[in-house]
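In each ligand, atom 1 is the first atom listed, and ligand 1 is the first ligand listed. Everything numeric in this text was worked out from a predicted model, so none of it was measured.
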Amino acid sequence: MAFDDFRSFVDCLRAAGEVVEINRPIALDDVGKVMKRAQAQSGPSVVFNDNGTNFPLICGVYGDRRKALIAFETSSSELFQKVLHGLDNPIPPRVMDGRPPCQDIVLQGADIDLSALPVPQYSPVDGGAYITPGIVVSKDPETDIPDIGHYRFLILSKNTFSFSAQPFHRFGKNLAKYKKLGQKARAALVIGVDPILAYTCQVQVSDTTNDWHVAGGLRGAPVELARCVTSDLHVPATSEFVIEFEVDMDDLVMEGPLGEYTGYYTPPSPKPVATVLAITHRKSPMFQGLLTGKPITESHLLKQIPFEASLFRTLKAQYPTITDISVRASAGVSFYVVIAMQPRFAGEARQVILSAMGTNVRPKWVIIVDPDIDVHSSSDVEWAMAFRVQPARDAIVIDHIPAGPSDPSIDDPKIDRPMRTASAIGIDATRPYGKPFSQVADVPGWAEFDVPELKSRG
Ligand SMILES: Cc1cc2nc3c(=O)[nH]c(=O)nc-3n(C[C@H](O)[C@H](O)[C@H](O)COP(=O)(O)O)c2cc1C
């Protein structure tokens with residue numbers, strides 16, 4: 001059974017020895033340093049209890065695969081199948097009767113104060129304190145289909161903040177529709193939810209998909225929703241915090257810089273101002289932080305599993321002999337994709353390259369390998385690239401396709417985002433189809449061969 005809420009997940013992490021509590025004062029601007037240390041030691045989540053606000057701050061809950069296995073309540077070998085099964089079996093949400101826990105406390109008007117929340121500035125050149133793990137709940141104003149996705153918010157004042165929604169992400173598309181209709185958009189930023197909802201945000205689905213159904217499928221149970229206080233949107237009933245807001249697309253402010261998931265700062269640019277209409281929260285709530293910046297951080301690890309599962313599902317429908325897919329956290333997740341497959345005819349690996357480049361993942365590097373190559377092993381992939389590839393024959397470069405988000409190699413602030421194009425490279429590192437190839441010179445049977453003298457070395 002899925003977690004009811006964020007705090008039961010944190011309790012489970014605690015029971016597994018995955019949480020460290022820091023009770024001495026730590027400045028919010030030092031939180032990034034602590035989390036970088038924790039990450040370097042493939043470390044625990046950290047709770048900052050004395051952070052100068054009334055709320056404890058927990059960071060690093062998506063910080064490694066062990067925690068993802070706890071979130072999905074599965075084992076390493078079953079995780080991928082469990083995610084694929086969930087995607088194929090969506091479950092609609094349920095709207096809760098009565099007052100939901102996320103509205104135990106409702107702050108409106110003069111009581112709204114974003115500066116009362118423990119929000120760190122993670123990278124020294126950032127334009128200020130950014131709420132990084134928040135999930136935006138919005139809807140398409142034409143179809144009413146709800147969407148959830150992660151978006152970062154720069155705090156501007158007690159009741160305003162700003163954000164950057166890429167035009168090809170659904171919140172960005174919804175905002176463009178509100179602007180066309182001449183309406184202000186209403187949305188909610190949700191912090192502290194069942195972790196499956198956070199993984200759901202990173203699943204790549206069509207614009208007509210109701211994300212609550214996807215989340216239900218991945219949880220194996222309906223998501224419990226509650227109506228917002230200031231709009232007809234619905235949010236998870238047990239969220240720790242909900243920040244309800246309105247966006248005026250014509251009221252712009254300079255947003256940024258921000259240390260991005262690429263490991264580079266994106267320069268400031270004009271972005272809409274959002275006005276907070278209500279902050280609601282549970283009794284004794286926990287706030288959440290999330291380190292981003294130079295890979296690998298928990299922001300990358302959060303994306304990895306859903307991106308691999310979405311891409312696998314999309315491509316497998318047309319290319320059934322695909323056996324495995326890896327997206328590399330170290331390359332910002334979406335920019336570098338390795339796919340193992342057994343080509344069924346000459347040129348099929350190239351078709352897969354072109355199909356992968358055509359997805360919303362927008363990879364810059366696509367490498368196709370034979371099924372005997374472990375896609376998750378850099379040394380296996382490099383071995384294939386070294387000896388199964390002739391670059392003049394096996395590399396394809398495609399130019400002038402839509403750019404991946406915030407790529408500093410083409411991120412020219414003078415060019416409007418929807419106008420930015422980039423190139424992508426595909427490498428067919430499979431053995432040439434239907435032709436003889438040298439025999440692999442490995443040492444078969446070594447893993448099972450009993451060598452008691454080596455056992456003590458682990
Ligand atoms: C922690 C985190 C923060 C993110 N922040 C942003 C952001 O500020 N703007 C943006 O356009 N995408 C951001 N993304 C990427 C989107 O959340 C992601 O691509 C998602 O699939 C978009 O969902 P949607 O298209 O359903 O809204 C972020 C991703 C993560 C993991």
Proximity winner for atom 18 (C) of ligand 1, if only heavy atoms of Arg152, His150, Gln202 are counted: Gln202
Ionic contact status for Glu298 with Lys303, cut-off 4.0 Å: no
Which segment of Pro133 sits under 4.0 Å of ligand 1 when only heavy atoms are counted: neither
Ligand 1 to Ser299 polar contact by distance, N or O atoms, under 3.5 Å: no
Going by atom types alone, do Gln304 and Tyr199 pair a side-chain donor with an acceptor below 3.5 Å? no
Test: side-chain hydrogen bond (donor to acceptor under 3.5 Å, both in side chains). Region: residues 274-286. Which pairs qualify, not counting sequence neighbours? Asp5-Arg282
Please determine whether a side-chain nitrogen of the Lys or Arg among Asp147 and Lys139 lies less than 4.0 Å from a carboxylate oxygen of the Asp or Glu. no
Any Gln204 heavy atom less than 4.0 Å from ligand 1: yes
Under a 4.0 Å heavy-atom limit, does Thr292 contact ligand 1 with its side chain, its backbone, both, or neither? neither
Does only the side chain of Ser164 get under 4.0 Å from ligand 1, or the backbone, or both, or neither? Count heavy atoms. backbone
Determine whether any heavy atom of Phe171 lies closer than 4.0 Å to an atom of ligand 1. yes
On the ring face of Phe335, is Arg362 found with NZ or CZ under 6.0 Å from the centre and within 45° of the axis? no
Looking only at non-hydrogen atoms, which of Ser138, Cys201, Gly149, Gly134 approaches atom 20 (C) of ligand 1 most closely? Cys201
Which option out of Gln166, Glu255, His169 puts a heavy atom nearest to atom 19 (O) of ligand 1? His169
Are the side chain of Asn210 and the backbone of Trp212 linked by a donor-acceptor contact shorter than 3.5 Å? yes
